[in-house]
Amino acid sequence: MDATLNDAQREAVNTLTGPLLVLAGAGSGKTRVVTVRIAKLIDTGVVPSRILAMTFTNKAANEMQHRIGSMISTQRENQPQISTFHSLCVRILRRQIHHLGYPSNFTILDASDQNSICRKVLREIRVSDASLKPRDLLYQIGQWKSQGISPQLATRSAVTDRDHLAAVAFRRYQDELVRCGTVDFDDLLLLTNALFRDFPEVRENEAARFDHVLVDEYQDTNDIQYNIVKALSDSHRNLCVVGDDDQSIYGFRGSDVRHILNFSRDWTGAKTVRLEANYRSTEAILEVSNRLIRFNSNRHEKVLKAARRGGQKPRIEQFGDEEHESKQVITSIRRDLQANGRQPRDIAILFRTNEQPRLFETELRKHDIPYVLLGSHSFYDRKEIKDLVAYLRVIHHADDEPSMRRIINNPPRGISANTVSQLVEIATQQGVSLWHVMLDNEALQILKVPPRMCIRKFIETIHSQQQAFNQSLDISTFHAFLSAIEYKKEVVRSSEDESETEQRWASVEEMANVFGSYLSRKKNPTLEGFLEEIALAETDFDDDKDNQLERNAVALLTLHASKGLEFPVVYMVGLEEGLLPHARAVAAEGPAIDEERRLAYVGVTRAQDELTLSLSLTRRKWGRIQEQNPSRFLFEMIGQADNPHEAADSREAETTNS
DNA sequence: CAAAGCCGTTTTTTT
DNA sequence: AACGGCTTTG
């Protein structure tokens with residue numbers, strides 16, 4: 001099976017025990033190496049289910065599952081455990097979280113819930129002005145959590161007033177989560193880490209499940225994930241990590257390149273294998289990529305060698321405004337499709353921010369070119385879906401306060417915002433959940449009679465739905481639920497016209513389909529399981545069966561979402577200062593720019609045959625037209641910038657005028 | 001208590 | 001430009 005592997009790949013595949021670092025450059029056949037290595041392990045007699053492979057995204061996990069499934073055949077119960085960090089932690093926590101005093105039916109908060117809790121907390125400590133915005137607080141909390149910093153520690157190490165405020169808010173935020181019996185994404189990792197730290201027997205139990213651990217995209221680990229990996233691998237030391245420090249692009253959520261840079265120091269006797277042959281891109285594309293990434297300091301020096309010689313030079317195209325950019329890119333795509341015999345699925349448009357694809361979408365639609373907008377959570381952003389998910393969460397776990405507040409008077413049932421805030425105040429004072437107060441007859445005495453009756457009626461509804469969802473689930477459970485909350489009526493009532501009703505109701509039906517698909521996939525479907533899939537986005541709900549990429553459509557995706565993918569034809573758009581590198585990174589300078597450069601590097605290395613880089617000299621922002629400058633990365637790529645990390649050499653002959 | 005209108009803010013990337 | 005929160009009005 002390894003006849004077609006090169007020497008380095010073969011070495012990585014054959015090193016089956018002990019710590020192993022595989023530095024895999026872009027397009028070096030990493031996925032193949034990983035799967036062949038797992039197959040080898042099983043060949044040599046390792047019990048499949050005792051192999052744990054960790055990934056960061058569900059996409060990566062699914063793909064690995066798929067590839068391994070087609071390579072080896074084992075029984076259902078005895079398969080390699082392929083899991084994202086988050087879902088692994090959820091499984092551990094459901095079993096063990098009672099040690100930490102949390103309910104095991106905790107629900108997982110999504111970003112908008114986190115945001116509203118931040119807002120509430122800031123209002124409570126009267127920081128509603130500009131000094132600390134909910135979004136900034138959330139970001140700061142994320143940073144702290146990914147480094148394992150507790151509210152206490154944050155308070156102690158606070159220097160500025162702003163730090164202090166944020167630390168206080170952080171404490172209250174955390175209290176809020178406990179009060180509502182919820183955890184956020186970072187908590188999943190953090191609490192698992194705390195369990196391992198404070199309860200050695202739990203750690204030993206969980207670690208004893210596996211003999212081999214593999215971590216993909218290791219450059220993206222943050223401190224907590226690093227600890228978890230260590231806790232699970234310390235005893236057997238059969239840890240294989242695979243990654244590319246040049247593709248570390250998740251610093252904003254705490255990833256730290258140092259973990260991959262220091263691997264051999266952390267694990268004595270660790271072997272390092274470099275995969276430097278690139279089978280994906282043509283020489284011409286790789287030349288540009290290599291030149292770009294060499295501008296970064298602090299990296300494992302490696303130079304990708306192209307297995308595919310020659311190729312077309314990447315094109316750079318400059319436009320007057322973003323409308324021309326999108327028009328021309330789509331014109332060019334049409335040419336690819338008509339004259340050059342490309343399929344839509346061969347083509348990708350990559351961009352930095354989520355506001356960029358809009359124009360490209362309208363152009364594609366105008367010309368009837370099929371496309372998919374990848375990685376956007378648009379399905380869950382729809383109001384109807386959010387409402388229904390909130391209902392289901394409340395039915396599963398009524399203490400989930402963000403969800404409760406969302407639905408308590410939606411559809412309107414006579415429980416006013418005023419009523420709710422009175423109750424929430426009591427709840428916060430007593431340190432219990434809103435639901436707890438609603439059930440407390442004495443507390444309800446402060447309300448007038450009509451709202452009190454409305455609340456009683458609402459409680460009835462929730463109770464009866466709780467019963468319904470506790471029995472064996474089928475699709476009629478969901479439909480009965482819809483009619484119980486009279487959601488159709490609400491959609492009709494709040495729509496402007498018939499077509500809007502239709503559109504919105506279609507979302508509701510889609511939700512029913514998602515539920516139905518969950519029911520048919522699982523042996524023992526539960527509401528909890530369903531909500532978990534949704535929270536972790538474990539399945540692609542937009543297109544239930546086939547992977548979206550398999551549809552024959554042009555792919556639109558962010559640079560971040562593009563990692564791990566490849567396309568024959570790539571259009572990277574918006575290569576402008578302020579966009580790539582992003583304005584925030586420009587303001588922060590230093591390492592932030594390096595990360596943006598890695599992001600650009602990830603983008604250009606997605607292209608197999610053709611790469612087009614485009615930019616627009618003006619761009620509309622918040623209704624105003626702004627002048628844009630070409631990205632510094634463009635100059636670096638074409639050799640028109642001086643590289644401080646290289647001796648001044650042959651480039652001196654070149655001129656820098658345009 | 002619900003609906004309409006006003007004002008201010010906003011987006012970097014994701015599990 | 002667009003959305004969401006807040007205030008005023010019915």
Side-chain angles (χ1 to χ4, degrees), chain A residues 54-61 83-90 108-112 114-116 119-120 123 128-130 133-136 138-139 142 145-146 183-190 217 220-222 224-225 248-255 350-359 374-377 380-381 383 409-420 448 450-451 454 490 493-494 496 532-538 557-563 574 578-588 592-593 595-596 598-600 602-603 619-625:
Chain A
M54 290 202 265
T55 62
F56 283 80
T57 64
N58 292 299
K59 195 179 68 193
S83 171
T84 62
F85 271 92
H86 286 84
S87 48
L88 179 82
C89 289
V90 170
I108 303 163
L109 246 55
D110 68 27
S112 65
Q114 286 180 284
N115 226 311
S116 56
R119 182 159 286 129
K120 172 171 189 254
R123 230 194 332 253
S128 51
D129 56 308
K133 291 180 196 135
R135 199 169 201 91
D136 300 333
L138 195 55
Y139 181 80
K145 285 193 172 185
S146 67
V183 303
D184 65 20
F185 275 114
D186 299 309
D187 281 341
L188 293 175
L189 304 177
L190 213 55
E217 307 285 10
D220 289 332
T221 41
N222 64 30
I224 300 299
Q225 288 161 330
S248 168
I249 55 175
Y250 285 105
F252 65 90
R253 78 176 184 210
S255 318
L350 309 184
F351 40 84
R352 173 71 237 262
T353 70
N354 278 318
E355 79 196 323
Q356 286 172 269
R358 289 198 176 188
L359 282 170
L374 271 112
S376 79
H377 285 229
Y380 297 104
D381 289 341
K383 186 182 168 302
N409 197 34
N410 169 20
R413 54 170 69 84
I415 306 173
S416 73
N418 199 6
T419 309
V420 174
K448 297 223 175 74
C454 293
E490 165 65 9
R493 189 190 63 87
S494 58
E496 300 271 310
E532 207 143 284
E533 274 204 2
I534 290 178
L536 299 175
E538 269 175 3
L557 62 174
T558 63
L559 290 165
H560 283 88
S562 77
K563 194 163 66 158
L579 209 47
L580 183 68
H582 192 271
R584 291 208 180 208
V586 174
I593 294 287
E595 178 145 325
E596 296 288 307
R598 290 194 288 270
L599 202 46
V602 166
R619 203 165 275 277
R620 199 174 276 272
K621 191 161 198 186
W622 301 331
R624 300 221 162 141
I625 293 176

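Note on naming: letters A, B, ... go to the chains in the order of the sequence lines (proteins, then strands), and numbering restarts at 1 for each one.
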N/O (side chain, A/Asn409) to phosphate O (OP1/OP2, B/dA2) under 4.0 Å: yes
Spacing of CG belonging to A/Leu559 relative to CZ belonging to A/Arg598, to within rounding of 0.5 Å: 13.5 Å
Nearest-Å distance for atom pair CD1/P, residues A/Ile249 and B/dT14: 9 Å
Closest-nucleotide 5' rank along DNA chain B - winner of A/Pro412 and A/Gln114: A/Pro412
N or O in side chain of A/Asn354 less than 4.0 angstrom from B/dT14 OP1/OP2: yes
Rounded distance in Å - CG (A/Leu579) to P (B/dT12): 10 Å
Atom-to-atom span, CG of A/Asn115 to P of B/dT11 - whole angstrom: 9 Å
Sugar-phosphate only, base, or nothing, as touched by A/Tyr250 at under 4.0 Å among non-hydrogen atoms: sugar-phosphate
Ring geometry between A/Tyr250 and A/His560 (parallel below 30°, tilted from 30 to 60°, perpendicular above 60°): tilted
B/dC1 OP1/OP2 closer than 4.0 Å to side-chain N/O of A/Ser416: yes
A/Lys120 NZ to C/dG4 P, straight-line distance once rounded to whole Å: 22 Å
Distance test, side-chain N/O of A/Thr419 to OP1/OP2 of B/dC1, below 4.0 Å: yes
N or O in side chain of A/Arg620 less than 4.0 angstrom from C/dA1 OP1/OP2: no
Whole-Å distance separating the CG atom of A/Asn222 from the P atom of B/dT14: 17 Å
Side-chain touch A/Phe185/A/Leu109, heavy atoms, less than 4.5 angstrom: no
Atom-pair distance (CG on A/Asn418; P on B/dA2), nearest Å: 12 Å
side-chain N/O A/Thr558 vs B/dT14 OP1/OP2, d < 4.0 Å: yes
Contact under 4.0 Å: A/Arg584 side-chain N or O vs B/dT12 OP1/OP2: yes
Salt-bridge contact A/Glu355-A/Lys621 (side-chain N to carboxylate O under 4.0 Å): no
Residue from A/Asp187, A/Asp184, A/Ile534, A/Val90 passing side chain to side chain contact (heavy atoms under 4.5 Å, CB included) with A/Ile108: A/Val90
A/Phe252 over B/dT12, stacked by centroid distance under 5.5 Å, angle under 30°: no
Phosphate contact (B/dT12 OP1 or OP2) by A/His582 side-chain N/O below 4.0 Å: yes
Given DNA chain B, 5'-ward residue of the pair A/Pro451 and A/Arg135, judged by closest heavy atom: A/Pro451
